[in-house]
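Only one structure is covered here, and it is reproduced in the block below.
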Amino acid sequence: MSSIDNLTSKILSDAKAAGEQIVSEAQEKADKKYEKSMKQVSQKKEKILESAKKEQVLLTDRIKSSANLKIRNEKLKAKQIVIDKVIEKLKEKLANMKKQDYMAYLNKNIDKNSISSKELIVKKEFLQDVKKEFKNAKIKENEFVSSGFIIEENGVQKNYTFEVKIDFMRDELEVEISKLLFS
């Protein structure tokens with residue numbers, strides 16, 4: 001029986017060696033697959049981090065751009081408020097001009113020779129002074145303006161009030177005011 005024991009021992013020894021070989025090869029394959037998987041995971045991780053960094057930069061740029069746009073819009077609003085206040089003050093000042101300045105304005109802008117066939121609408125407080133100065137004009141005594149004057153002929157009015165003139169010239173005035181105040 002010793003030969004059977006030897007043969008059994010030899011088969012067991014060979015099987016053990018073959019098993020160890022199979023386990024060793026399996027371990028090697030597993031280690032290689034693990035390393036390969038870890039490289040792939042590492043590469044994916046790097047791609048994800050790189051993508052996240054790019055997205056962070058883009059998002060940061062968008063946030064900065066949005067903030068800068070909001071700041072610019074707020075500055076423009078503030079400037080427009082200041083310009084509007086200046087224009088309103090100008091209208092007030094012109095509406096409250098002194099008699100001497102008002103009469104000078106009328107004399108400069110009304111042709112005394114051609115006014116006789118037209119009606120003139122003026123400020124109420126200067127009505128008598130205008131009547132004396134423009135004797136040939138038909139001056140309305142029941143209709144008045146808050147500033148400037150209006151010439152009416154055949155139902156058509158030419159409006160020379162300061163409010164209308166300023167509104168007409170508003171774009172140009174805004175540019176000039178902006179240059180004076182913000183340059």
Is there a donor-acceptor pair under 3.5 Å between the side chain of [X] and the backbone N or O of [Y]?
X      : Y      : answer
Ser66  : Arg62  : no
Asn109 : Tyr105 : yes
Asn154 : Val156 : no
Ser37  : Lys33  : yes

Between [Y] and [X], does any NZ, NE, NH1 or NH2 come within less than 4.0 Å of an OD or OE carboxylate oxygen?
X      : Y      : answer
Asp167 : Lys91  : yes
Arg170 : Glu174 : yes
Lys158 : Glu152 : no

What's the spacing between [X] [atom1] and [Y] [atom2] if we round to 0.5 Å?
X      : Y      : atom1 : atom2 : result
Ser51  : Ile48  : OG    : CD1   : 8.0 Å
Lys77  : Gln80  : NZ    : CD    : 12.0 Å
Glu176 : Leu173 : CD    : CG    : 8.0 Å
Glu88  : Ile166 : CD    : CD1   : 8.5 Å
Leu58  : Ile63  : CG    : CD1   : 11.0 Å
Ile110 : Lys118 : CD1   : NZ    : 10.0 Å

_Shared hydrophobic cluster, Val164 / Leu120 (ILVMFWY, side-chain heavy atoms < 4.5 Å)_ =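 Val164 does not cluster with Leu120.
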Close side-chain approach of [X] and [Y], heavy atoms under 4.5 Å:
X      : Y      : result
Asn68  : Arg72  : no
Leu106 : Glu133 : no
Val57  : Thr60  : no
Lys47  : Glu50  : no
Val130 : Tyr102 : yes

*Less than 6.0 Å separating the ring centroids of Phe162 and Phe168?*
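So the answer is no for these two rings.
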*asked:* Would Lys123 and Phe149 count as a cation-pi pair here, with the cationic atom under 6.0 angstrom from the ring centre and within 45° of the axis?
replied: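 Checked: cation-pi criterion not met.
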Between [X] and [Y], what is the shortest heavy-atom contact and its length?
X      : Y      : value
Glu163 : Ser146 : OE2-OG, 2.8 Å
Ile83  : Ser178 : CD1-CB, 4.2 Å
Ile139 : Phe134 : CD1-O, 4.1 Å
Ala95  : Ser147 : CA-CB, 3.7 Å

Please check if atom [atom1] in [X] has more than 12 non-hydrogen atoms from other residues, nucleotides or ligands closer than 6.0 Å.
X      : atom1 : result
Lys99  : NZ    : no
Gln100 : CD    : no
Phe182 : CZ    : yes
Glu46  : CD    : yes

_Which residue in the set Leu181, Val175, Leu180 passes side chain to side chain contact (heavy atoms under 4.5 Å, CB included) when paired with Ile177?_
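With Ile177 as partner, Leu181, Val175, Leu180 yield a single side chain to side chain contact (heavy atoms under 4.5 Å, CB included), made by Leu181.
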*Side-chain donor-acceptor pair under 3.5 Å between Glu92 and Asn96, yes or no?*
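Per modelled atom types, Glu92 and Asn96 side chains form no pair under 3.5 Å.
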_Between Ile150 and Lys140, is the side chain to side chain contact (heavy atoms under 4.5 Å, CB included) condition met? List the steps._
CA-CA 10 Å; Ile150 295 175; Lys140 286 195 172 185; over 6 Å; no
*Verdict with reasoning, Asn107 to Lys112, per side chain to side chain contact (heavy atoms under 4.5 Å, CB included)*: CA-CA 8 Å; Asn107 278 310; Lys112 288 182 182 181; 3.1 Å; yes
*Do Glu20 and Lys16 pass the side chain to side chain contact (heavy atoms under 4.5 Å, CB included) test, and can you show the C-alpha distance, the side-chain angles, and the key distance before you say yes or no?*
CA-CA 6 Å; Glu20 286 176 1; Lys16 187 178 178 184; 3.5 Å; yes
*Worked verdict on Ile121 versus Gln157 for side chain to side chain contact (heavy atoms under 4.5 Å, CB included)*: CA-CA 10 Å; Ile121 304 169; Gln157 289 186 343; 3.8 Å; yes
